[in-house]
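Reading through the structure tokens given below for one structure.
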Amino acid sequence: MGKKITSKSEDYSQWYNDLVLKAGLAEHSAVRGCMVIKPYGFAIWENMKAELDRMFKETGHSNAYFPLFIPKSFLSKEAAHVEGFAKECAVITHYRLKKDPDGDGVIVDPEAKLEEELIVRPTSETIIWNSYRNWIQSYRDLPLLINQWANVVRWEMRTRLFLRTAEFLWQEGHTAHATKEEAMEESLKMIHVYADFAENFMAMPVVIGEKTESERFAGAEITYTIEALMQDGKALQSGTSHYLGHNFAKAFDVKFTDENGKEEYVYSTSWGVSTRLVGGLIMTHSDDNGLVLPPRLAPIHVVIVPIFKNDEQKSAIDEYADGIVKELKDNGIKVKYDDDDNKRPGFKFAEYEMMGVPIRLAIGPRDLENSNVEVARRDTYEKKIESRENLAQKLNLLLEEIQDNLFNKAKKYREDHTTSVSSIDEFKEVLEKKGGFIEAFWDGSNESEEAIKTQTKADIRCIPLKSDNAEGKCLISGKSTNLKVLFAKAY
RNA sequence: CGGGGUGUAGCGCAGCCCGGUUAGCGCAUCUGCUUUGGGAGCAGAGGGCCGCAGGUUCGAAUCCUGCCACCCCGACCA
């Protein structure tokens, strides 16, 4: 592991890249736009996944798996949907290679052309709804609440590790309901599940809101979003949930017979979060010394570093540490004892700071003598000597405190970087000097939205669900409106 | 996909402009000894298709052409 990463203040993008690489989260692969998620980064994703999966099941959903490939014709069944994804689809045209007759390599066998091309899924609505047609006949089959964990491909022009890669991992929920009310409730419920996860596990405060028409998912009637503010003042769309109305039911002819024997189209929703969340996690808490992880998602909660001068001391510390490791494990703390003699303590301190381990214990001869340990927090760098008594209990409390502190710090940052403005000049000034979220009134028109976007490069992140319904004047048109929306530059 | 930059040992770089012995340096690695409370010291050793493919030349890391990848800035997106 290298020594230093670029400082945030010097170059935020570079800081982010350095951090992802140096902390061993991910690296670039041989394939353009695709990343290799390394074990430490994947462990964080697995922790996210485990918790989200639990939350989905608690809200009545089951997992299933649908194919990676989608017949081209499926994608074109829903007009808005095709248009939205057409520009970034990978297409399979052939199914066989053969030896290059003119060389050593292989070439695509021109004889093995597919009759109908297959699309690598950018999202799975179409292939799933094609199955749902057969699954749903009666109101007794509803609601149908399915989630899938999968990879998807969106051929992006410009990629960034975790934040935007050509292939990414995500979950996509796809539900079918008998009534509009129920489907709308489901889409709202799931955006709240995401918000709950973001705030309570990632310690990343989010604003729940609705997307404007122009920012809506291709094929949705309503798109809800959770928006988080990163440390550089830019917003990150971190999860979305869509009310799809009848759009996919009609496109795939999915009808059910209701209690009265009448045939009706079903109402649907879809919702997803991706490995982008890992990027959000990094950019919410980390600093110039590396990653800072909230305990609830950290692969390692506590690392123990022994400090010794000779074998005799080492074995005494080993014994002392073994007792601590056992006690912590028994109390649900994920602990690592790093007794690697090739690295000196200072090196390890820096290394685990880079990796964002929330708590570090150092144990040396002095601690042994007094039955103490040195406890260092990653989030505040605070160090203190604690007695060995009830250590697991103390550390569990400390982990909770760190979790809370990270959330509160991030929330304060967001509050400090959310500014209300009443004129376009003020808007531009705030955006340039301070960044962050900007609250302002909007008349609801496409033109005004566009105008602000072209003038400022910031766009409407969402119309927050929590609103005071106050009246004000649109920044652009000056018309009276009660739409107070959140603007920001976005990732 | 447009503009700019980069690619030489696992990592970070020098060398390239002005072609010419055996391609260097720092970190990391290996061996040994000494060390260990914030990124250790000394001694020795190993490690290179100079991004890939063509071309020019007696001779290419160096010059020319094409390609690939990555980074930054734009347009598009979760």
Side-chain angles (χ1 to χ4, degrees), chain A residues 1-6 11-14 16-18 20-22 27-35 83-89 103 105 122-123 152-172 194 211 214-218 223 225-228 235-242 270-280 289-290 305-311 313-314 317 339-354 360-369 372-374 376 381 383 385 453-454 457 459 461 490-491:
Chain A
M1 204 164 290
K3 295 208 169 160
K4 281 264 161 39
I5 57 177
T6 306
D11 183 341
Y12 196 82
S13 292
Q14 196 56 48
Y16 176 84
N17 287 328
D18 287 356
V20 170
L21 297 173
K22 291 269 169 64
E27 62 189 25
H28 297 283
S29 74
V31 184
R32 153 181 267 173
C34 294
M35 66 174 165
E83 207 184 309
F85 287 105
K87 288 170 299 215
E88 48 190 40
C89 286
T123 177
V152 287
V153 169
R154 295 181 189 175
W155 214 261
E156 300 290 349
M157 292 303 174
R158 198 172 150 193
T159 58
R160 299 197 61 194
L161 294 169
F162 290 112
L163 297 172
R164 183 175 300 106
T165 47
E167 180 193 14
F168 55 96
L169 305 183
W170 78 342
Q171 59 68 220
E172 45 182 327
Y194 289 155
K211 283 289 186 189
S214 69
E215 297 275 328
R216 233 176 253 160
F217 173 74
T223 289
T225 175
I226 49 170
E227 297 286 328
L236 184 75
Q237 180 175 312
S238 306
T240 50
S241 176
H242 319 287
S270 69
W271 27 273
V273 292
S274 71
T275 36
R276 171 178 257 201
L277 287 179
V278 178
N289 288 328
V305 177
I307 294 152
F308 53 88
K309 290 198 201 301
N310 51 49
D311 287 353
Q313 282 184 355
K314 168 75 163 57
I317 293 169
D339 66 343
D340 184 349
D341 193 22
N342 283 324
K343 292 168 189 153
R344 297 167 83 249
F347 181 89
K348 293 178 188 174
F349 292 175
E351 191 176 35
Y352 290 106
E353 270 163 18
M354 184 64 71
R360 180 187 70 233
L361 303 184
I363 303 173
R366 287 206 297 273
D367 305 298
L368 225 57
E369 228 169 86
N372 287 335
V373 293
E374 185 197 75
Y381 295 99
K383 279 195 246 190
I385 304 295
K453 206 168 161 178
T454 30
K457 306 218 161 124
D459 56 12
R461 300 318 301 156
Y491 271 93

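Numbers restart at 1 for each chain; the letters A, B, ... are given by sequence-line order, proteins then strands. Computed from heavy atoms alone, side chains included, the values below leave out hydrogens, waters and symmetry copies.
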Side chain of A:Lys457 only, heavy atoms from C-beta on: which candidate in B:rG37, B:rA75, B:rC77 is closest?
B:rA75
Side chain to side chain contact (heavy atoms under 4.5 Å, CB included) assessment of A:Gln313 paired with A:Leu368
CA-CA 9 Å; A:Gln313 282 184 355; A:Leu368 225 57; over 6 Å; no
Where the side chain of A:Phe347 is concerned, which of B:rG39, B:rC1, B:rC77 is the nearest nucleotide?
B:rG39
Remember a base hit wins even if backbone is also touched, and classify A:Leu236 as base, sugar-phosphate or nothing at under 4.0 Å, heavy atoms.
nothing
Nucleotide nearest A:Glu88 when distance is taken to its side chain, options B:rC77, B:rG39, B:rG37:
B:rC77
From the set B:rC72, B:rU36, B:rG37, return the single nucleotide nearest to any side-chain atom of A:Ala362.
B:rG37
From the options B:rC70, B:rU36, B:rG37, select the nucleotide whose nearest atom is closest to the side chain of A:Glu374.
B:rG37
Could you list, one pair per line, each protein nitrogen or oxygen that sits under 3.5 Å from a nitrogen or oxygen of nucleotides 4-14 of chain B, together with the distance?
none

Among B:rC77, B:rC73, B:rG38, the one nearest A:Glu156 by side-chain distance:
B:rC77
dist A:Ser13:OG -> A:Asp18:CG (nearest 0.5 Å) comes out at 10.5 Å
With the side chain of A:Ala350 defined as its heavy atoms from C-beta on, choose the nearest nucleotide among B:rC70, B:rU35, B:rG38.
B:rG38
Quantified in whole Å, what is the P atom distance between nucleotide B:rA28 and nucleotide B:rG12?
15 Å
Any side-chain heavy-atom pair of A:Met35 and A:Thr159 under 4.5 Å
no
Picking from A:Arg216, A:His242, A:Gln237, what satisfies side-chain hydrogen bond (donor to acceptor under 3.5 Å, both in side chains) with A:Thr223?
A:His242
Assuming nearest nucleotide by heavy-atom distance, tell me which of A:Lys348 and A:Phe162 is located more 5' along RNA chain B.
A:Lys348
Looking only at the side chain of A:Met157 (C-beta and beyond, no hydrogens), which of the listed nucleotides B:rG38, B:rG37, B:rA75 gets closest?
B:rA75
Cation-pi check, A:Arg360 to A:Phe349: give yes when NZ or CZ is under 6.0 Å from the six-membered ring centre and within 45° of the ring axis, no otherwise.
yes
Closer than 4.0 Å, any side-chain N/O of A:Arg154 to the OP1 or OP2 of B:rC76?
no
Quick one: is B:rC76 close enough that its OP1 or OP2 comes under 4.0 Å of any side-chain N or O from A:Lys87?
no
Base-pairing mate for B:rG2 - Watson-Crick or G-U, with both contacts under 3.5 Å
B:rC73
Any strand is fair game: report the nucleotide pairing with B:rG24 by Watson-Crick or G-U wobble, both distances under 3.5 Å, or none.
B:rC13
What does A:Asn17 touch in the nucleic acid at a heavy-atom separation under 4.0 angstrom: a base, only the sugar-phosphate, or nothing?
sugar-phosphate
Is there a side-chain contact between A:Asn342 and the phosphate of B:rU29, meaning an N or O under 4.0 Å from OP1 or OP2?
no
Quick one: look up who B:rC49 pairs with, Watson-Crick or G-U, both distances under 3.5 Å, and put none if it's unpaired.
none
Look at the side chain of A:Glu353 against the base of B:rG38 and say whether a donor-acceptor pair falls under 3.5 Å; ignore hydrogens and angles.
yes
Does A:Lys383 get its side chain close enough to the base of B:rG38, under 3.5 Å, for a donor-acceptor pair?
yes
Return the pairing partner of B:rG7 with a 3.5 Å limit on both distances, Watson-Crick or G-U wobble; otherwise return none.
B:rC68
Which whole number of Å gives the distance between the P atom of B:rA23 and that of B:rG39?
38 Å
The side chain of A:Glu351 lies closest to which of these nucleotides: B:rC77, B:rG39, B:rC70?
B:rG39
Look at the side chain of A:Arg344 and the base of B:rG41, then say whether one donor and one acceptor between them are separated by less than 3.5 Å.
no
Most 5' of A:Gln14 and A:Tyr491 on RNA chain B, judged by nearest nucleotide
A:Gln14
Could you tell me if the side chain of A:Lys211 sits less than 4.5 Å from the side chain of A:Phe217, heavy atoms only?
no
Mate of B:rG38 across any strand shown (Watson-Crick or G-U wobble, both atom pairs under 3.5 Å) is none
Judged by atom type as modelled, is there a donor-acceptor pair below 3.5 Å linking the side chain of A:Arg154 to the main-chain atoms of A:Pro122?
yes
With both distances under 3.5 angstrom, what nucleotide forms a Watson-Crick or G-U wobble pair with B:rA43?
B:rU31
Closer than 4.0 Å, any side-chain N/O of A:Arg158 to the OP1 or OP2 of B:rC73?
yes
